[in-house]
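All figures in this text were calculated on a predicted structure; none of them were measured in a lab. The basis for the numbers below is simple: all heavy atoms, side chains too, and nothing from hydrogens, waters or symmetry mates.
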Amino acid sequence: MASRSVFFVAMAIGFAPVAPMPAAIAQTAGASTAPRDGQQDFDWEIGSWTTEVRVRRNPLSGQAPLWVEYQGTSIVKPISGGRANAVELSVAGPKGKIEGVSLRLYNPQARQWSLNFASYRDGMLTAPVYGSFDANGRGLFYGHDMLDGRAILVRFVITRVSPNEARFDQAYSADGGVTWEDNWNAVDTRR
């Protein structure tokens, strides 16, 4: 579910790359009571998916939400024996296309994943988000980014609804995580 990688909105609204997330936030994003190896956490997603995406075109603007919908496919492929995976996203709608690739990399020392997206439109990587999956299979990832010249936090949540359906929700915060505003929702259905 490439679409599920937080970065698709980035190419739709044009983010500037920023420094990696500080370790304190990265640790909080993947904190758990007992260390677990999460290297296989994305194995369930390998394959082809039909993707329905909803993107907020005016995030953190204070205006009524302006949503645009897209439909297409996500293809998830393992890389390096499961230590990484790539998601190819191709969706289209009334406002054009969103196409790109998400590279997800597992760090065994931190027991966390980094999610990185690049749009085919400009070839630029967006700022990564970092995190892990809990014992119930819910992925929670956080990062820093820039939107219209201001620093924001990004939260990306991956929820495996069933073996054949998953949700990907991205939200932004301009107040240090006190409040969050959704700006990307995707539902993937296995093909």
Side-chain angles (χ1 to χ4, degrees), residues 1-21 26 29 38-57 59 68-93 95-108 110 112-133 139-147 154-160 165-172 183-191:
M1 159 99 233
S3 60
R4 45 221 164 195
S5 298
V6 261
F7 313 103
F8 312 106
V9 157
M11 52 121 211
I13 40 187
F15 286 16
V18 296
M21 182 171 62
Q39 183 171 317
Q40 266 65 62
D41 283 344
F42 281 106
D43 287 2
W44 61 271
E45 194 184 8
I46 303 303
S48 297
W49 300 80
T50 297
T51 302
E52 295 182 13
V53 178
R54 192 173 77 124
V55 178
R56 184 169 178 173
R57 303 282 297 190
V68 178
E69 296 183 2
Y70 300 86
Q71 293 184 329
T73 61
S74 295
I75 300 171
V76 184
K77 299 176 184 175
I79 301 173
S80 298
R83 292 177 297 176
N85 64 64
V87 184
E88 296 175 34
L89 172 71
S90 180
V91 294
K95 294 292 183 181
K97 288 185 173 184
I98 299 175
E99 294 181 300
V101 64
S102 180
L103 177 62
R104 300 165 172 167
L105 302 167
Y106 186 68
N107 178 334
Q112 291 186 332
W113 288 88
S114 65
L115 310 181
N116 310 271
F117 182 78
S119 168
Y120 292 148
R121 182 175 45 167
D122 62 12
M124 299 292 295
L125 280 171
T126 61
V129 292
Y130 303 88
S132 60
F133 287 81
L140 190 56
F141 305 85
Y142 290 94
H144 291 274
D145 213 328
M146 298 292 291
L147 177 66
V154 179
R155 177 182 69 198
F156 195 71
V157 179
I158 300 174
T159 306
R160 185 176 177 190
E165 184 178 335
R167 281 194 58 88
F168 303 86
D169 297 295
Q170 179 176 279
Y172 291 156
N183 70 308
W184 172 276
N185 305 117
V187 175
D188 281 8
T189 306
R190 190 172 297 279
R191 300 178 84 183

When rounded to the nearest 0.5 Å, the distance separating CD1 of Ile98 from NZ of Lys95 is 12.5 Å
Check the pair Leu125, Phe117 against side chain to side chain contact (heavy atoms under 4.5 Å, CB included), reporting the backbone distance first and the verdict last. CA-CA 5 Å; Leu125 280 171; Phe117 182 78; 6.0 Å; no
Can you give me the closest heavy-atom contact between Gln39 and Gly81, atom names plus distance? NE2-O, 3.9 Å
Could you tell me the separation between the CG atom of Asp41 and the CZ atom of Arg104, rounded to the nearest 0.5 Å? 11.0 Å
Please round to the nearest 0.5 Å and tell me the distance separating atom CG of Leu89 and atom OG of Ser102. 9.0 Å
Going by distance alone, is a donor N or O of one side chain under 3.5 Å from an acceptor N or O of the other, for Thr189 and Thr50? no
Show your working on side chain to side chain contact (heavy atoms under 4.5 Å, CB included) between Val129 and Asn116 and close with a plain yes or no. CA-CA 7 Å; Val129 292; Asn116 310 271; over 6 Å; no
Output the distance between atom CG (Leu140) and atom CD1 (Ile158), rounded to the nearest 0.5 Å. 9.5 Å
Which distance, rounded to the nearest 0.5 Å, do you find between the CZ of Arg190 and the OG of Ser74? 11.5 Å
Has Tyr70 got a side-chain atom pairing as donor or acceptor with Glu52's backbone, closer than 3.5 angstrom? no
So does Gly38 get a backbone contact from the side chain of Trp113, meaning a donor-acceptor N/O pair under 3.5 Å? yes
Could you go through Val76 and Trp49, starting from their C-alpha distance and side-chain angles, then the distance that decides it, and tell me whether this counts as side chain to side chain contact (heavy atoms under 4.5 Å, CB included)? CA-CA 8 Å; Val76 184; Trp49 300 80; 4.2 Å; yes
Report the distance from atom CG of Asp145 to atom CD of Gln170, rounding to the nearest 0.5 Å. 8.5 Å
Quick one: sort the Phe42 and Phe141 rings into parallel, tilted or perpendicular, breaks at 30° and 60°. parallel
Does any N or O in the side chain of Asp188 come within less than 3.5 Å of the main-chain N or O of Ala166, such that one atom is a donor and the other an acceptor? no
Where is the tightest heavy-atom contact between Gln112 and Tyr130, given as atom of each residue plus distance? OE1-CB, 4.2 Å
Below 4.5 Å, heavy atoms only, C-beta onward: do Thr126 and Val154 meet side chain to side chain? no
Where do Ile79 and Ala86 come nearest, in terms of heavy atoms and distance? CD1-CB, 3.6 Å
With side chain to side chain contact (heavy atoms under 4.5 Å, CB included) as the test, would you mind laying out the steps for Lys77 and Ile75 before giving the verdict? CA-CA 7 Å; Lys77 299 176 184 175; Ile75 300 171; 3.9 Å; yes
Would you name the heavy atoms of Gln40 and Asp43 that are closest together and state the gap between them? CG-OD2, 2.7 Å
Any side-chain heavy atom of Val91 within less than 4.5 Å of one from Thr51? yes
Is there a side-chain contact between Tyr172 and Leu147, using heavy atoms and a 4.5 Å cut-off? yes
